[in-house]
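Residue numbers start from 1 in every chain, and the chains themselves are labelled A, B, ... in the order their sequence lines are given, proteins ahead of strands.
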Number of protein chains: 2
Amino acid sequence: MRADAARNREQIVQAARAVFTQDGPAASLNQVAQRAGVGPGTLYRHFPTLQDLLVAVIKDDVSALCARGRELLTGPSPEQALRTWLRAVAGHASAMRGLVATQLAAVTEGSALAACHDEITATGAALLARTGSGLDIADLLKLANAIGWAGEQAPGDQGLTDRLLALVTLS
Amino acid sequence: MRADAARNREQIVQAARAVFTQDGPAASLNQVAQRAGVGPGTLYRHFPTLQDLLVAVIKDDVSALCARGRELLTGPSPEQALRTWLRAVAGHASAMRGLVATQLAAVTEGSALAACHDEITATGAALLARTGSGLDIADLLKLANAIGWAGEQAPGDQGLTDRLLALVTLS
DNA sequence: CCTCTATCCGGAGAACCTCTCCGCTTCGCT
DNA sequence: AGCGAAGCGGAGAGGTTCTCCGGATAGAGG
């Protein structure tokens, strides 16, 4: 990749992070391009879809989330570890005012977001296996995602995500 | 209200029901107006916001939901009644491809949707009181709403809503 | 039955949005 | 330094939401 292209790409990702954080699902890609100081054409060449751009923004966060999951694998209480990690997943899903949750809900096979999703699923499966319960990791993740989404809809209610997660059985 | 205005209003509501059912959150109010055979101005005068229009469409459904809740009050098992009703709530929230859930999540004090929400909350509170649990009805409803939303994001997965609801503790 | 006015209609248009196309610029290899 | 390929970004098509206001009309009152 040419040096100027790499520079632009990085600037777009940074602008996207700022705009997504501010506007969430209502964010405008036009605005991202403007803030990055590039034309719309440049943005869409680098990131054909909103999901591609989102993945570039959250990639590091996803890695950190999975690393945290691997750490928790070594702890003493499998169920507590799973619960802690699901809390982290919900927190991640509610990032950027729920944008992640809404996009994650519409993930399509083979997309860049699907790769992130698969990585998370694998981590969760390992944590779940240790508990010996018969639950489905895909369902648990969908529920955590939905709870993160709900938590972000009421920004004033700080503890909502935790309270809703407390209603979930893990056994 | 003049007769022609009432006629137009009714046609807009019917058109909205059709468009919402087909397109969900991606529905265009323009399309609603076109389908109803009126201009955009007419639509916005009758229903200043999307929520106003949505309320007109779902009002009967909300009443039915609350009536069902009152029926369930007379049953033998309080907890089972609450669970059954929450299932109905989730089903209602997922109507129109999740449009209801997304709007319900953004309900603001004093709006028309808030009235619907209050009616549902009152019904739920009665059902919850019988169980003697210390849970919060507002939280339970938010969770049911989120689960309905999640269920609608994966239209191919028929039983998802039920499976996620099964993960919720009511005691 | 006719007239008149308050009410209502609905198209034009402003200001956004997403996404594409393509002529021009610029990088960096030779 | 020259040149080919890569990349840029504005113009623009077609969509959206929402407003404004000149003209049509329902239906009450004479």
Quick one: do Leu170(A) and Leu86(A) satisfy side-chain contact (heavy atoms from CB on, under 4.5 Å)? Show the steps, please. CA-CA 11 Å; Leu170(A) 291 184; Leu86(A) 284 179; 4.0 Å; yes

Value rounded to 0.5 Å, distance of CZ in Arg87(A) from CD1 in Ile147(A): 10.0 Å

Counterpart residues, ring-ring contact (aromatic ring centres under 6.0 Å, His included), relative to Trp85(A) (two or more places apart): none

Closest non-hydrogen atom pair, Arg70(B) against Thr123(B): N-CG2, 4.4 Å

Pairing stems for DNA chain C [at least three consecutive pairs; Watson-Crick or G-U; under 3.5 angstrom]: C:1-30 with D:1-30

Answer yes or no: is there a side-chain heavy-atom contact under 4.5 Å between Met96(B) and Arg17(B)? yes

Short side-chain donor-acceptor distance under 3.5 Å, Thr49(B) and Asp52(B): yes

Gap between atom CD of Glu71(B) and atom OG1 of Thr84(B) - 0.5 Å precision: 11.5 Å

When the nearest nucleotide of DNA chain C is assigned to Gln34(A) and to Ala6(B) on a heavy-atom basis, which residue is associated with the more 5' position? Ala6(B)

Which ones in residues 36-59 of chain B lie close to DNA chain D, meaning a heavy atom under 4.0 Å from one of its atoms? Pro40(B), Gly41(B), Tyr44(B)

As an exercise, state the distance from CG of Asp136(A) to CG of Leu167(B), rounded to the nearest 0.5 Å. 9.0 Å

Closest non-hydrogen atom pair between Pro25(A) and Arg97(A), with its separation: CD-O, 3.3 Å

Got a second to check how far Trp149(A)'s CH2 is from Lys142(B)'s NZ, nearest 0.5 Å? 11.5 Å

Tell me every residue that passes side chain to side chain contact (heavy atoms under 4.5 Å, CB included) with Asp61(A), counting only those two or more places apart in sequence or in another chain. Ile58(A), His92(A)

Base, backbone or nothing for each nucleotide of nucleotides 23-30 of chain D, written B, S, -, heavy atoms under 4.0 angstrom, 5' to 3'? --BSS---

Under a 4.0 Å heavy-atom cutoff, the residues of residues 18-33 of chain B touching DNA chain D are Ala27(B), Ser28(B), Leu29(B), Asn30(B)

Which distance, rounded to the nearest 0.5 Å, do you find between the OG of Ser28(B) and the CG of Asn30(B)? 4.5 Å

Leu43(A) CG to Gln31(A) CD distance, which is reported to the nearest 0.5 Å: 12.0 Å

Measuring to OP1 and OP2 of dC8(D), would you say a side-chain N or O of Asn8(A) lies under 4.0 angstrom away? yes

